[in-house]
Amino acid sequence: MKDIGLGFYHVPHCMIMTIHTQYPTGKSAIVDDRGTELFFVDSGAVPDSDNYTTVILVHGSGVTGKTLHHLLPYAPPSNIRLVIPNRRDYPGSTPYTDEELGVLKAGEESAMEKVAREIAGFCKWFIENQSLPRISSDRKNGGIVLMGWSMGNATTISLIGWPNAIAKETLDLLKGYVRRLIVWGESWSVSLTFPVVYPRFTDAPHLALGLLETQPLKGYNPLVDPTLEAPVDAVVTFCNWVTGYYDHPDLSLREASTA
């Protein structure tokens, strides 16, 4: 995801605050030995269940985890504990330093290695502090399921994309808990024990998957619109664009030329 991909991964938190000025009470997890914190909201342990699944759902760029909070009350009836963190540089979580932003915007691989360590550290913190159920013997219950929405998939995928960047002790711990990766918007799932991917259709951002050449030639993306010179204009336009509804002659073709 060199250059443009990592640029999309980060949107300055000062722009996000104009969208979400009111924020609910949550908690913070310390994810590394530098004191880096990730703010999160948690539906809590499922009452009277010793095999609930913990779903860690990561938001995309341009919005915060608050966008997903309406899902929280639906989790316990499905034997799910839903945890929604805010990524770095979003409200409640540790901002990036100028040095970290420079590495991220330069598209350096070390930036994603750091993201991998932080999401691994978040899982580790939850395991050690919240007494989560381990993966069941049939691998159908318990444990942790990582789920990304939009560019949030870059965060969750980093865990299996850069395992060598994660301490062996942490990886050994996660093996007993992290059992599945869900790329929201696709029928893809990955088991960390059996790393087989089953693709059926693709709707998640190509940049989150590290694919830079799949943007349709006639497609529009406000984040690369040269007429939007101010970054905040690009973010506001993006929010309108991504939440809009459009008429298409034939959706089955999945081609921008038919729009």
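One-based numbering along the sequence shown.
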How many angstroms lie between [atom1] in [X] and [atom2] in [Y], if you round to the nearest 0.5 Å?
{"X": "R134", "Y": "R179", "atom1": "CZ", "atom2": "CZ", "answer": "13.5 Å"}
{"X": "M112", "Y": "L104", "atom1": "CE", "atom2": "CG", "answer": "8.0 Å"}
{"X": "I160", "Y": "L146", "atom1": "CD1", "atom2": "CG", "answer": "9.0 Å"}
{"X": "W162", "Y": "E113", "atom1": "CH2", "atom2": "CD", "answer": "8.0 Å"}

Is [X] reaching over with its side chain to a backbone N or O of [Y], donor-acceptor style, under 3.5 angstrom?
{"X": "S28", "Y": "E37", "result": "no"}
{"X": "T36", "Y": "V31", "result": "no"}
{"X": "N86", "Y": "F39", "result": "no"}
{"X": "T64", "Y": "K66", "result": "yes"}
{"X": "T170", "Y": "I166", "result": "no"}

If I compare all heavy atoms of [X] with all of [Y], which pair ends up nearest, and what's the gap?
{"X": "G60", "Y": "Y90", "value": "O-OH, 3.9 Å"}
{"X": "Y96", "Y": "D89", "value": "N-OD1, 3.0 Å"}
{"X": "T54", "Y": "V83", "value": "CG2-CG2, 3.9 Å"}
{"X": "P85", "Y": "H59", "value": "O-CD2, 3.3 Å"}
{"X": "L68", "Y": "W184", "value": "CD2-CZ3, 3.6 Å"}
{"X": "R87", "Y": "S93", "value": "O-CB, 3.4 Å"}

Report task. For D98, look at atom CG and say whether over 12 heavy atoms of other residues, nucleotides or ligands are found less than 6.0 Å away. Result ->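 Not more than 12 within 6.0 Å, no.
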**Report entry** Set of side-chain hydrogen bond (donor to acceptor under 3.5 Å, both in side chains) partners for D138, sequence neighbours left out
**Finding:**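 Partners of D138 by the side-chain hydrogen bond (donor to acceptor under 3.5 Å, both in side chains) criterion, ordered by chain and then number, come out as S136.
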Query raised in the report: Taking it one step at a time, do M147 and V58 satisfy side-chain contact (heavy atoms from CB on, under 4.5 Å)?
Result: CA-CA 6 Å; M147 186 178 195; V58 182; over 6 Å; no
Query raised in the report: Is the centre of the F40 ring less than 6.0 Å from the centre of the F126 ring?
Result: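 For F40 and F126, the ring centres are under 6.0 Å apart.
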Query raised in the report: Going by the salt bridge (Lys or Arg N to Asp or Glu O under 4.0 Å) test, which pairs reach into residues 69-81, not counting sequence neighbours?
Result: D42-R81
Scan the side chains in residues 225-232 for donor-acceptor partners under 3.5 Å anywhere in the protein, sequence neighbours excluded, and list what turns up.
residue	atom	partner	partner atom	Å
D225	OD1	T227	N	2.9
D225	OD1	T227	OG1	2.7
D225	OD2	Y220	OH	2.7
D225	OD2	T227	OG1	3.3

Query raised in the report: Is the closest side-chain heavy-atom distance between L82 and L57 below 4.5 Å?
Result: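 They are in side-chain contact.
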Report task. Would you indicate whether the side-chain heavy atoms of I127 and L174 approach each other to under 4.5 Å? Result -> yes
Query raised in the report: Which residues pass the salt bridge (Lys or Arg N to Asp or Glu O under 4.0 Å) test with D172, sequence neighbours left out?
Result: K168, K175
Query - Name of the residue among T155, I84, I144 meeting side-chain contact (heavy atoms from CB on, under 4.5 Å) with I56 - result: I144
Can you give me every donor-acceptor pair (side chain of residues 114-125, partner residue at least two apart or in another chain, under 3.5 Å) with its distance?
residue	atom	partner	partner atom	Å
K114	NZ	E100	OE2	3.4
E118	OE2	R88	NH1	2.6
K124	NZ	E128	OE1	3.3
K124	NZ	E128	OE2	3.1

**Report entry** Common cluster, V41/I30, ILVMFWY with side-chain heavy-atom separation under 4.5 Å
**Finding:**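 No, separate clusters.
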With a 3.5 Å cut-off and sequence neighbours excluded, list the donor-acceptor pairs that the side chains of residues 70-80 form with protein atoms.
residue	atom	partner	partner atom	Å
H70	ND1	T67	O	3.1
N79	OD1	S49	OG	2.7
N79	ND2	N51	OD1	3.1

